[in-house]
Every structure is written in C-alpha cells, then in structure tokens.
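Taking it in order: structure first as structure tokens, then the write-up.
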Protein chains: 2
Amino acid sequence: MSRGIVVVASSRAGKPSRRAAQRESTLLEIRREGRRRLVSEGEAGVTLRPIARALGLTAPALYRYYASRDDLLLDLIADLYAELTEGMERASAGPLPQDLAARTVAVTWEFRRWARANPREFQLVFATPVGTGEDSRTERLDACGQRFGRVYQTLFAEIWQRAPFPIPADDDLDPRLRAQLATWAADNDIPLPLGALAMFLGCWVRIYGLISLEVFGHLGFALEDVTPMYDAMMAELGARLGLPWRAEFGCPEPG
Amino acid sequence: MSRGIVVVASSRAGKPSRRAAQRESTLLEIRREGRRRLVSEGEAGVTLRPIARALGLTAPALYRYYASRDDLLLDLIADLYAELTEGMERASAGPLPQDLAARTVAVTWEFRRWARANPREFQLVFATPVGTGEDSRTERLDACGQRFGRVYQTLFAEIWQRAPFPIPADDDLDPRLRAQLATWAADNDIPLPLGALAMFLGCWVRIYGLISLEVFGHLGFALEDVTPMYDAMMAELGARLGLPWRAEFGCPEPG
DNA sequence: ACACTCTGCATACACTGTTCACTCATGTCA
DNA sequence: TGACATGAGTGAACAGTGTATGCAGAGTGT
C-alpha cells in the first residue's frame with residue numbers, strides 16, 4: 001500500500017505551477033507540525049486531526065499528501081535520522097581533515113548530543129526491534145542507516161590507512177566471525193583487514209551501548225552524570241586506535 | 001491517580017473468601033491474556049475490549065481490576081521484567097557456585113536469550129527513554145531494575161573477591177568519574193575498589209550494547225549471525241576479569 | 001470555454017480509553 | 001433470617017483515533 005501518493009507534475013517547463021508550489025508548501029507545513037508533535041509528545045502524539053487543524057484543514061485532507069499515518073510518521077522519523085547524519089557529517093568536516101582524533105571526537109559528540117536532545121527519536125531509530133511495522137519502514141530506515149554508518153566507516157578507514165593500529169591477527173579470530181567479516185568486507189569493498197573490522201564493530205558497540213544506556217536512564221543507578229565516563233571511554237578508544245589524544249577532547253560542560 | 005484499586009479484604013480468618021478467590025482468578029486471567037497480546041502484538045496490541053471479550057467480560061469491567069490501561073500495561077511489563085531477572089538468577093545458580101566463569105556465561109546467555117525471544121519487551125524495559133509515561137511507571141520499573149542489576153553486581157563482586165583482576169588505579173581515573181564511583185560505592189556499601197566499579201560499568205556497556213544492537217537489527221549491515229561476535233566478546237571480558245575460560249562456553253547453536 | 005485533475009470537506013465506520021448510572025449477586029452484621 | 005453494604009459487571013455515552021467514500025470547487029492545459 002503506502003505508495004498511493006503521486007507527486008504532482010509540474011507544468012511542462014521547469015517552473016513549478018502555482019498548484020505544485022502550494023502543494024509543496026502545505027506538505028512542508030504538515031511535516032513541520034508533525035515533527036513538532038513527534039519531538040514534543042512522542043510517536044503517539046502524531047495524530048492526524050490536530051495536525052490538520054493546526055493548518056486549517058481536516059483530517060481526510062492529509063490523505064492527499066500521505067497514504068496513511070504510518071507513512072507520515074515514517075517520513076518524520078527519516079527526516080530526523082537524516083538530520084542526525086548530516087549533523088555528524090558536518091561535525092566530521094569541521095576540524096582539519098588530517099586531524100582524525102578531533103574529527104572522531106566531534107562526530108561522536110554530535111551523535112551523543114543528538115541522542116540526548118531527541119531521546120524518543122533515538123529510540124525510534126536506534127532501539128526499535130526489526131520486523132516491527134511494515135517492510136517499507138524497515139526498508140526506508142535501512143537506507144538512512146547506511147548513510148549513517150558510512151560516516152563512521154569512512155572515518156575509521158581513514159584512521160587505519162593513515163596509521164595502522166594494533167589489531168588481532170586473522171588467526172586469532174573465531175573462524176565463524178572471520179568468515180562473516182570477510183563477506184562483509186568483500187561485499188562492500190572495504191579495504192581493511194578483518195581484525196580492524198572486528199575492532200570497528202567493538203568500538204561501535206561501546207559507543208552505542210554507552211549512549212543508549214545514558215539516554216534510556218540505565219546508568220542512573222551508578223552515575224549521575226555520564227559525561228566523565230563517556231570521556232574516559234572515548235579516550236580509551238582513541239588510545240586503541242592510535243589517535244593522539246588531547247586534553248581539550250574532554251567535555252567541560254556538565255550533564 | 002493510578003492507585004484506585006484496593007485489594008479486597010479476605011474474610012477475617014486466613015482463608016480467602018469465595019469472592020476474593022474469584023477476583024484473584026480473573027486478575028490472573030486478565031494478565032495472562034494481556035501478556036499474550038503484549039508479546040505477540042506489542043504494546044499497542046494491549047487493548048481493553050479484546051482482552052475483556054476473551055474472558056467473557058466487557059471493557060469497563062476491567063476497571064475493577066486496573067485503574068487504567070497504563071496500569072495494566074505496567075503490570076505486564078513488570079511481570080516480564082521480573083521473569084527475566086528470575087531466569088538470570090536461576091542461571092546463576094545452575095553451575096557450581098565456585099565456577100564463576102560458567103555462572104557469568106550462563107547469566108549473560110540467559111539475558112541474551114530473553115532479549116531475543118522478547119524483543120518488544122526488551123525495548124520497553126531496556127530501551128525506553130526515562131521520563132516517558134508517568135512517574136509511577138519509572139518508579140515501579142526502577143524497583144525491577146534494581147533487582148536485575150543485583151544479579152550482575154553480586155556476581156561481579158564474587159569474581160573480584162575470589163581473585164582480583166587488573167584494574168585501573170584510582171589516580172588513573174578521571175576525578176569526576178572517581179567521585180561518582182565513590183558516591184555509588186558508599187551509598188550501596190559496595191566493597192569494591194573504584195577501578196573495579198569502572199570495569200563493571202564497562203562490561204555492562206558492552207554486554208548491553210551488543211545485545212541491543214543485535215535485537216534491534218543494527219548489526220545486520222555487517223554480521224548475519226551475532227553469536228560469534230558475542231562469544232568473542234564474552235571471552236574477552238572473561239579474560240579481563242581473570243576468569244578461566246573454557247571452550248564449551250562458546251554457543252554451538254547458530255542464529 | 002471546455003475537460004480534467006487535484007484539493008479539501010462532510011460524512012460515516014470501526015475502533016480506542018474512560019466515565020457514569022444502574023443491576024444483581026455476594027458478604028457482613030444485627 | 002432480614003437488612004444493609006460492598007463489589008462485580010453491564011450498557012450507554014463521550015471524546016478521541018485512523019481511514020474510506022462521495023461530492024464540491026478551484027487550478028490547469030487544450
């Protein structure tokens with residue numbers, strides 16, 4: 001289902017017809033309003049009638065723009081997801097290109113910042129079981145996920161290529177794990193040794209694990225403020241990756 | 001609100017009156033039916049009318065047992081959570097008490113088993129932002145969380161006390177982190193050095209991170225079957241904790 | 001000016017959680 | 001045993017929800 005909405009054709013020339021412009025505008029308004037509700041009240045707060053009312057419409061009118069509520073929601077989530085990725089890409093491009101340590105810090109900090117600023121969206125994107133919802137959902141978010149993953153993957157590859165760091169030898173890897181890593185590397189043309197890939201996954205597990213635990217409040221039993229532990233983890237990861245760490249990488253701001 | 005239901009008084013003597021027994025029975029049926037729907041269709045699938053219909057009642061009747069749908073849901077989630085903890089406690093008690101490596105493996109394996117068998121409940125319990133829902137929710141689940149945490153905490157303390165393993169010195173810890181760990185240890189009478197506590201949190205981050213990523217399908221981009229990586233991680237954690245690892249700890253079964 | 005498409009609306013349907021007034025069986029007490 | 005209170009369950013109703021249908025009117029291309 002879910003693909004019942006056809007993009008309106010613009011008038012033959014390049015300039016969009018008045019109607020197409022109007023459509024684009026209300027489409028934007030719908031997303032803006034929906035997003036506000038998603039962020040402030042969570043997934044359940046995205047309901048059609050209030051959204052429609054906010055722009056002077058009625059609920060069925062929204063079906064001219066989205067085939068279903070789920071479609072709208074998916075669009076909103078994908079938007080947030082894309083924004084996260086763009087933020088991380090910007091963060092990665094912020095420091096000098098050759099300052100890989102600073103770029104790693106900036107990217108991960110942006111990830112954490114976004115997660116803490118948008119806990120509900122973080123849950124929707126990063127902590128929702130697969131197979132929940134329709135396939136279109138999984139499909140679309142997978143596309144976003146690939147772009148997200150590329151940020152870390154390219155950064156990691158750069159780090160390795162600039163200055164290889166100690167990794168486990170292929171023979172030290174579980175044969176089953178080794179086979180999977182080999183498949184992954186081959187399918188995606190990743191020019192890294194298998195041990196480095198294992199290391200990459202290990203780093204991702206720790207970054208994701210710590211930030212998730214923080215966002216979901218599952219470190220409160222021990223830590224009131226996760227930032228010091230986050231800093232310590234990043235420093236350790238930096239050390240393992242052979243990144244020259246600097247004092248300024250620690251985050252001064254509390255909470 | 002949410003506490004509008006008073007337990008019916010049993011007749012003066014110990015034996016429950018016929019009515020109290022009946023009540024207990026239908027209460028159980030409600031939970032059983034609700035649980036089935038929660039597991040099979042997720043949080044949104046727990047709706048009053050179908051549950052009531054399943055036991056030959058109407059929806060308002062359920063309000064004699066639960067003050068609201070949220071209350072019922074909370075009960076169901078807490079039940080699942082408690083079952084997880086009990087499963088892990090059983091797993092910890094399975095091997096010989098002095099075989100700490102086997103107990104660690106068994107406990108964590110049970111955690112992973114439960115998470116994969118109940119992804120939706122795993123999300124509800126371990127991956128839902130704090131502050132979502134009412135305070136009673138947070139409160140109740142926190143109580144369950146404490147019991148859950150105790151399984152790992154006691155096991156970890158036993159490991160350390162039996163045979164201390166290398167830990168960072170206090171001076172090597174970030175002062176802010178050190179202070180938080182000290183507070184935590186003091187408030188809960190944990191007889192472990194601060195470095196060991198940092199290590200505990202680090203282990204928890206990795207276990208939680210890997211299992212979450214698996215359950216939420218965020219390792220599929222690289223690994224088809226997470227078990228080998230899980231085994232590798234457990235072996236590494238075991239090595240760090242000085243646990244004598246044995247080949248049989250690896251899980252033979254795929255997927 | 002025509003025909004056509006697209007937008008939006010009113011209505012309706014089947015749901016949802018929840019409240020209210022009411023009935024009727026059960027339990028308690030004089 | 002009779003009187004009374006309690007507690008379980010009901011049907012009706014309310015305010016919501018997503019969604020389907022049919023119809024009006026505006027925008028657009030010929």
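Numbers restart at 1 for each chain; the letters A, B, ... are given by sequence-line order, proteins then strands. Nothing here was measured: the structure is a model prediction, and the numbers come from that model.
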Query raised in the report: To the nearest angstrom, how far is A/Y66 atom OH from D/dA20 atom P?
Result: 17 Å

Query - For A/R113, all residues meeting side chain to side chain donor-acceptor pair (under 3.5 Å), sequence neighbours excluded - result: A/E110

Query raised in the report: Of all residues at least two apart in sequence or in a different chain, which pass the ring-ring contact (aromatic ring centres under 6.0 Å, His included) check with A/F200?
Result: A/F156

Query raised in the report: Within the structure, does a side-chain N or O atom of B/T58 lie under 4.0 Å from either OP1 or OP2 of D/dG9?
Result: no

Report task. For B/W114, check ring-ring contact (aromatic ring centres under 6.0 Å, His included) against everything at least two apart and list the hits. Result -> none

Report task. Determine whether the aromatic ring centres of B/Y81 and B/F126 lie less than 6.0 Å apart. Result -> yes

Query raised in the report: Can you tell me if A/Y230 and A/T108 form a side-chain donor-acceptor pair at under 3.5 Å?
Result: no

**Report entry** Side-chain H-bond candidate by donor/acceptor type, B/Y208 with A/S212, under 3.5 Å
**Finding:** no

Query raised in the report: How long is the line joining CD of A/Q22 and C1' of C/dG8, in whole Å?
Result: 12 Å

Query raised in the report: Nearest-Å distance, CG (A/L57) to P (C/dA10)?
Result: 11 Å

Query raised in the report: With sequence neighbours excluded, what pairs up with A/E43 under the salt bridge (Lys or Arg N to Asp or Glu O under 4.0 Å) test?
Result: A/R137

Query raised in the report: With under 30° as parallel and over 60° as perpendicular, where do the rings of A/Y152 and A/F111 fit, or are they tilted in between?
Result: perpendicular

Query raised in the report: Atom OH of B/Y65 and atom C1' of D/dG7: how far apart are they, to the nearest Å?
Result: 9 Å

Query raised in the report: When every nucleotide of nucleotides 13-26 of chain C is labelled 5' to 3' by its protein contacts under 4.0 Å (heavy atoms), B for base, S for sugar-phosphate only, - for none, what sequence of letters results?
Result: ---BBBB------B

Requested in this report: Grab the CD-C1' distance between B/E29 and D/dA8 for me, whole Å please.
Outcome: 15 Å

Report summary line: Between CD1 of A/I51 and P of C/dG8 the distance, given in whole Å, is 15 Å

Query raised in the report: What bend angle does the helix from C/dA3-D/dT28 to C/dA30-D/dT1 show across its length, from five-pair end axes and to the nearest 10 degrees?
Result: 10°

Report task. Could you check whether A/G45 gets within reach of a base, just the sugar-phosphate, or nothing at all, counting any heavy atom under 4.0 Å? Result -> nothing

Query raised in the report: Rounded to the nearest Å, what distance is computed from the CG atom of residue A/L62 to the P atom of nucleotide D/dG18?
Result: 9 Å

Query raised in the report: Which of parallel (below 30°), tilted (30 to 60°) and perpendicular (above 60°) describes B/F221 and A/W184?
Result: perpendicular

